[in-house]
There are 2 protein chains.
Amino acid sequence: MNTLSYGLLALLTANPLTGYELTQGIKPLWRAGHSQIYPLLQGMESKGYITHERIEQSDKPDKKIYTITREGISVLQEWVKLPAEPAVLRDELHFKLYSLWLTEPEEAKTLLQQRAAFNRSELDRYNLLIKANEALRDERGETRELKATTFGRYLLLQKRVMAMKASIEFCEWAIGELERGSLPPEV
Amino acid sequence: MNTLSYGLLALLTANPLTGYELTQGIKPLWRAGHSQIYPLLQGMESKGYITHERIEQSDKPDKKIYTITREGISVLQEWVKLPAEPAVLRDELHFKLYSLWLTEPEEAKTLLQQRAAFNRSELDRYNLLIKANEALRDERGETRELKATTFGRYLLLQKRVMAMKASIEFCEWAIGELERGSLPPEV
DNA sequence: TTATATTATGTCTATATTTACATATGCAAC
DNA sequence: GTTGCATATGTAAATATAGACATAATATAA
């Protein structure tokens, strides 16, 4: 059971999902491709943490809907209590900023503008997800569980939004530093 | 040549360093252990991007000081121009927040407080690095290159500082949400 | 006096991640 | 009509990362 496995269990506590839906749904939380996810689902099923039901479809390929078991919930519950490991961030931009003096200031500006544009599109995506989450809560948020899951999602999405805003702010600030000529003009 | 290799080259453009110093110095930029770094240095030397000089020491183990070659600088220069791939963030806390409803609110609060404490210590470390960088610039910042490298470092460290501040802000906000009881009291 | 930390370089194994390969249906655009 | 996209599930191979094993000097703390 690696971190991603617990993450899949976490998604399945809200509602049963297919491997395909898990691959899509995990995107705001963790980076993982379907080739990682399908084998982990098989492994967790053999451990008894999840079960699946095969749904035959005529128009689209058949699918497997995975449901978390009581045992799966209990192992997740134990894991959630454990302190969270420090986040791992791997960003090429760190190295590119560090090597700034090797580039023309215009190139550096372009790098930062590209990153800012990407972050803005991510921010839009997260804002859409927050709206969808609110709609879900308002529509069928009668039960305590659903209120609680939409609250967890709300916290997580706000975390991503705040991180994206900070990253955009950094890009804009750094572009300003470059333009204001913190470096002597001949560089 | 993977991303980490280019990162090592980036560090070596500022001044020659040993594998050990690279292992320490890369920490604010990328997560990597020495077992990753030593083989990459050997590989880059065989490609002609770096060279080393062995320094014998009687009190401490001998060391190898690596210097970037003209060819190494030019491959790095080409790489820096390329657009930066999106950052990869892997944070267990995402899954733990998503699973919040499985935990007691007190446990959730503890998770967030632990993360905030860790981030504050990281913030302190970065502030020290910024001061050291400023001291370096003021002491022997006569050359254009040194000014430019300290500027690159300055941008990078500010990026980390802004990200840490945003993360601390999130933790404090989320703890507040938990305390303010956005969830019905019986949860 | 023994244990631990720092400096210093390396290998090996296990695990995690990425990318490509593989197959299949239906729908829309061109 | 065929190219590409969304749905859907899988495997295989290559690469990256983490953790353990290995050695060795000196200094410091318990």
Side-chain angles (χ1 to χ4, degrees), chain A residues 1-8 11-12 16-27 29-47 50-67 85-92 94-95, chain B residues 1-9 11-12 16-27 29-47 50-67 79 85-92 94-95:
Chain A
M1 289 290 290
N2 56 17
T3 306
L4 179 54
S5 299
Y6 289 109
L8 294 171
L11 290 184
L12 289 175
L17 294 165
T18 68
Y20 185 81
E21 288 166 333
L22 284 165
T23 305
Q24 308 302 314
I26 208 154
K27 275 177 189 167
L29 294 94
W30 198 266
R31 173 158 148 181
H34 73 274
S35 64
Q36 266 182 288
I37 289 171
Y38 288 119
L40 291 180
L41 289 172
Q42 289 169 20
M44 287 198 288
E45 184 156 40
S46 76
K47 288 195 192 80
I50 54 176
T51 54
H52 84 266
E53 191 200 350
R54 180 165 211 106
I55 306 289
E56 288 183 32
Q57 298 183 120
S58 51
D59 54 333
K60 284 179 275 185
D62 297 352
K63 61 183 177 183
K64 293 177 176 179
I65 298 181
Y66 285 94
T67 306
E85 290 293 308
V88 177
L89 172 69
R90 285 204 170 89
D91 191 349
E92 284 191 4
H94 291 174
F95 296 145
Chain B
M1 289 292 289
N2 57 17
T3 306
L4 179 54
S5 299
Y6 289 108
L8 295 171
L9 288 184
L11 290 185
L12 289 174
L17 294 165
T18 67
Y20 184 82
E21 288 166 333
L22 284 164
T23 304
Q24 308 302 314
I26 209 155
K27 275 176 190 169
L29 294 93
W30 197 265
R31 172 157 148 181
H34 74 273
S35 64
Q36 263 182 288
I37 289 171
Y38 288 119
L40 291 179
L41 289 172
Q42 290 169 20
M44 287 197 288
E45 183 156 41
S46 76
K47 289 195 191 80
I50 53 177
T51 54
H52 84 266
E53 192 201 348
R54 183 167 208 104
I55 305 289
E56 286 181 32
Q57 299 183 122
S58 51
D59 53 334
K60 285 179 274 185
D62 297 353
K63 60 183 179 182
K64 294 178 175 179
I65 298 181
Y66 286 93
T67 306
W79 178 78
E85 290 292 308
V88 177
L89 172 69
R90 286 203 170 92
D91 191 350
E92 284 191 4
H94 291 173
F95 295 144

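Proteins get letters first, then strands, A, B, ... in listed order; numbering begins at 1 in each. Below, each value reflects all heavy atoms present in this structure, side chains not excepted, and no hydrogens, waters or symmetry copies.
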Next on the checklist: In the structure I gave you, are the side-chain heavy atoms of A/Leu12 and A/Thr67 within less than 4.5 Å of one another anywhere?
Outcome noted: no
Checklist entry - With sequence neighbours excluded, what pairs up with B/Glu85 under the side chain to side chain contact (heavy atoms under 4.5 Å, CB included) test? => result A/Glu92
Next on the checklist: Using 0.5 Å steps for rounding, measure from the CG atom of A/Leu22 to the CG atom of A/Leu11.
Outcome noted: 5.5 Å
Checklist outcome for this item: Here the gap from A/Trp30 atom CH2 to B/Leu89 atom CG, rounded to the nearest 0.5 Å, amounts to 8.5 Å
Item to check | Integer-rounded Å distance: D/dT17 P and B/Ile37 CD1 | outcome: 11 Å
Checklist entry - Which value, rounded to the nearest 0.5 Å, describes the distance between A/His94 atom NE2 and B/Ile26 atom CD1? => result 11.5 Å
Item to check | Letter per nucleotide, 5' to 3', of nucleotides 19-29 of chain D [B base touched, S only sugar-phosphate touched, - untouched; heavy atoms, 4.0 Å] | outcome: BB---BSS---
Checklist entry - Going by heavy atoms in the side chains, are B/Tyr66 and B/Leu8 under 4.5 Å from each other? => result no
Checklist entry - What residues, two or more places apart in sequence or in another chain, satisfy ring pair (Phe, Tyr, Trp, His ring centres under 6.0 Å) together with A/Tyr38? => result A/His34
Checklist outcome for this item: Taken to the nearest whole Å, CG/A/Asn2 to P/D/dA18 is 14 Å
Checklist entry - Can you name the nearest heavy-atom pair linking A/Ala32 to A/Leu4, along with the distance? => result CB-CD2, 3.8 Å
Checklist outcome for this item: Rounded to the nearest 0.5 Å, the CD1 atom of B/Ile65 sits from the NZ atom of B/Lys63 at a distance of 5.0 Å
Item to check | Rounded interatomic separation in angstrom, taking CG from A/Leu4 and P from D/dA18 | outcome: 15 Å
Checklist entry - With sugar-phosphate meaning primed atoms plus P, OP1 and OP2, does B/Arg90 contact a base, only sugar-phosphate, or nothing at under 4.0 Å between heavy atoms? => result sugar-phosphate
Next on the checklist: Distance under 4.0 Å to a non-hydrogen atom of chain A counts as contact; along DNA chain C, which nucleotides mark the start and end?
Outcome noted: C/dA16 to C/dG26
Checklist entry - Bend across the helix from C/dT1-D/dA30 to C/dC30-D/dG1, to 10°, with axes taken over 5 pairs at each end? => result 30°
Checklist entry - How long is the line joining CD of B/Glu85 and C1' of D/dT15, in whole Å? => result 15 Å
Listed pairs under 3.5 Å, donor-acceptor, residues 39-47 of chain B side chains, sequence neighbours left out:
{"from": "B/Glu45", "atom 1": "OE1", "to": "B/His52", "atom 2": "ND1", "distance (Å)": "2.9"}
{"from": "B/Glu45", "atom 1": "OE2", "to": "B/His52", "atom 2": "N", "distance (Å)": "3.0"}
{"from": "B/Glu45", "atom 1": "OE2", "to": "B/His52", "atom 2": "ND1", "distance (Å)": "2.9"}
{"from": "B/Ser46", "atom 1": "OG", "to": "B/Gly43", "atom 2": "O", "distance (Å)": "2.7"}

Checklist entry - A/Leu17 CG to D/dT7 P: how many Å, rounded? => result 14 Å
Checklist entry - Base, sugar-phosphate, or nothing for A/Gly19, non-hydrogen atoms under 4.0 angstrom? => result sugar-phosphate
Checklist entry - What distance separates B/Arg54 CZ from B/Thr18 OG1, expressed to the nearest 0.5 Å? => result 12.0 Å
